[in-house]
Amino acid sequence: RVRSPRLPITMRAVSRIVQSILRVWQLICSIIVLGILARFLHLLSQAGAAKDGRIVYGIILASISTLFSIVFMAPFMHSFLAWPADFALFIMWLVLFCLLITRTGTHTCSGAWFSNYWGFYWGGWRRVTPFGTTGCDYWRTDLAFSFMAMFAFLVTTILVRPSSPLSTSVINIVWYST
């Protein structure tokens with residue numbers, strides 16, 4: 001068998017620290033998206049309005065990402081094997097971001113969908129939300145953190161995959177411990 005040279009201890013530590021920081025960031029982004037979309041679905045259910053499938057997809061994806069980030073947050077010996085799931089979640093966040101951004105296009109808070117759906121139920125239904133709030137800041141926050149979650153899963157996929165220099169240290173630990 002051909003063995004690759006051992007990387008210094010510092011590279012192993014950097015790999016684990018970077019992986020843990022990315023997992024915490026993924027957790028933060030997915031919780032923020034989950035909270036905003038769940039609040040909006042709560043307002044919709046109180047109004048008795050129809051749920052948009054894109055919003056439901058966002059809640060499901062944010063829930064899965066939250067669970068995934070919690071499970072793989074600790075730098076386990078074999079956590080680098082999760083990179084296919086990281087890539088799948090990156091693709092799913094990309095799809096979510098595209099689905100959400102195409103609702104309003106370049107007119108983020110002045111598009112027809114925003115005015116007739118998000119803005120109406122977030123701020124137009126006066127019995128729950130104070131008068132004058134349209135939810136534009138929540139919509140923009142949701143879009144921003146959806147993009148950041150997508151990017152975090154992409155970076156994790158690149159840095160933690162088995163052929164990455166940062167994950168080579170983890171592979172060497174497994175290789176030399178057997």
Side-chain angles (χ1 to χ4, degrees), residues 17-75 79 82-161:
I17 290 170
V18 168
Q19 180 181 1
S20 295
I21 289 171
L22 284 170
R23 295 289 182 208
V24 169
W25 184 245
Q26 290 168 354
L27 179 66
I28 290 169
C29 290
S30 61
I31 286 175
I32 289 172
V33 170
L34 179 62
I36 291 172
L37 293 179
R39 171 73 176 147
F40 182 66
L41 277 186
H42 173 72
L43 293 174
L44 283 177
S45 69
Q46 285 186 335
K51 278 67 171 174
D52 186 356
R54 297 173 190 216
I55 305 295
V56 173
Y57 174 74
I59 285 193
I60 293 169
L61 177 58
S63 299
I64 292 170
S65 298
T66 300
L67 179 65
F68 182 81
S69 297
I70 289 171
V71 168
F72 287 101
M73 190 176 299
S79 61
W83 74 270
D86 280 320
F87 183 71
L89 285 168
F90 158 69
I91 296 296
M92 293 168 71
W93 277 102
L94 176 65
V95 168
L96 175 66
F97 180 74
C98 292
L99 287 173
L100 293 179
I101 202 72
T102 56
R103 277 295 188 198
T104 56
T106 58
H107 310 290
T108 305
C109 292
S110 62
W113 179 85
F114 182 85
S115 300
N116 297 330
Y117 192 74
W118 182 276
F120 178 75
Y121 290 110
W122 194 280
W125 200 53
R126 306 286 186 240
R127 290 182 278 163
V128 176
T129 307
F131 182 76
T133 58
T134 62
C136 182
D137 49 348
Y138 294 107
W139 178 249
R140 287 182 177 169
T141 302
D142 193 53
L143 290 175
F145 279 96
S146 296
F147 180 80
M148 287 188 271
M150 173 191 65
F151 190 73
F153 278 102
L154 174 65
V155 171
T156 305
T157 300
I158 293 170
L159 292 180
V160 186
R161 73 185 195 284

Atom [atom1] in [X], atom [atom2] in [Y]: separation rounded to 0.5 Å?
X     : Y      : atom1 : atom2 : answer
Ile32 : Ser146 : CD1   : OG    : 10.5 Å
Ile36 : Thr141 : CD1   : OG1   : 5.0 Å
Leu27 : Leu22  : CG    : CG    : 12.5 Å

Q.
Applying salt bridge (Lys or Arg N to Asp or Glu O under 4.0 Å) as the test, list every pair that has at least one member in residues 146-155; sequence neighbours left out.
A. none
**Q.** Of all pairs that satisfy salt bridge (Lys or Arg N to Asp or Glu O under 4.0 Å), the ones with a partner from residues 52-68, not counting sequence neighbours
**A.** Asp52-Arg103
Q.
Restricting to non-hydrogen atoms, name the atom on Ser20 and the atom on Met73 that form the minimum distance, rounded to 0.1 Å.
A. OG-O, 3.5 Å
Q | Candidate pair Ile21 and Val24, rule side-chain contact (heavy atoms from CB on, under 4.5 Å), full reasoning | A | CA-CA 5 Å; Ile21 289 171; Val24 169; 5.8 Å; no
Q | Heavy-atom neighbours of Tyr57 OH exceed 12 at 6.0 Å | A | yes
Q.
The test is side-chain contact (heavy atoms from CB on, under 4.5 Å); show your working for Met92 and Phe153 and say whether it passes.
A. CA-CA 10 Å; Met92 293 168 71; Phe153 278 102; over 6 Å; no
Q. Who pairs with Phe147 by side-chain contact (heavy atoms from CB on, under 4.5 Å), at least two apart in sequence or on another chain?
A. Phe97, Met150
**Q.** Non-hydrogen side-chain atoms of Phe87 and Thr156 separated by less than 4.5 Å
**A.** no
**Q.** Val56 side chain reached by Leu37 side chain, heavy atoms, under 4.5 Å
**A.** no
Q: Name all residues meeting the ring-ring contact (aromatic ring centres under 6.0 Å, His included) criterion together with Tyr138; count only those two or more places apart in sequence or in a different chain, and write none if there are none.
A: Trp122
Side chains of residues 58-68: which donor-acceptor partners sit under 3.5 Å, not counting sequence neighbours?
{"from": "Ser63", "atom 1": "OG", "to": "Ile59", "atom 2": "O", "distance (Å)": "2.8"}
{"from": "Ser65", "atom 1": "OG", "to": "Leu61", "atom 2": "O", "distance (Å)": "2.9"}
{"from": "Ser65", "atom 1": "OG", "to": "Trp93", "atom 2": "NE1", "distance (Å)": "2.8"}
{"from": "Thr66", "atom 1": "OG1", "to": "Ser30", "atom 2": "OG", "distance (Å)": "3.0"}
{"from": "Thr66", "atom 1": "OG1", "to": "Ala62", "atom 2": "O", "distance (Å)": "2.7"}

**Q.** Ion pair check, Arg23 and Asp86, cut-off under 4.0 Å
**A.** yes
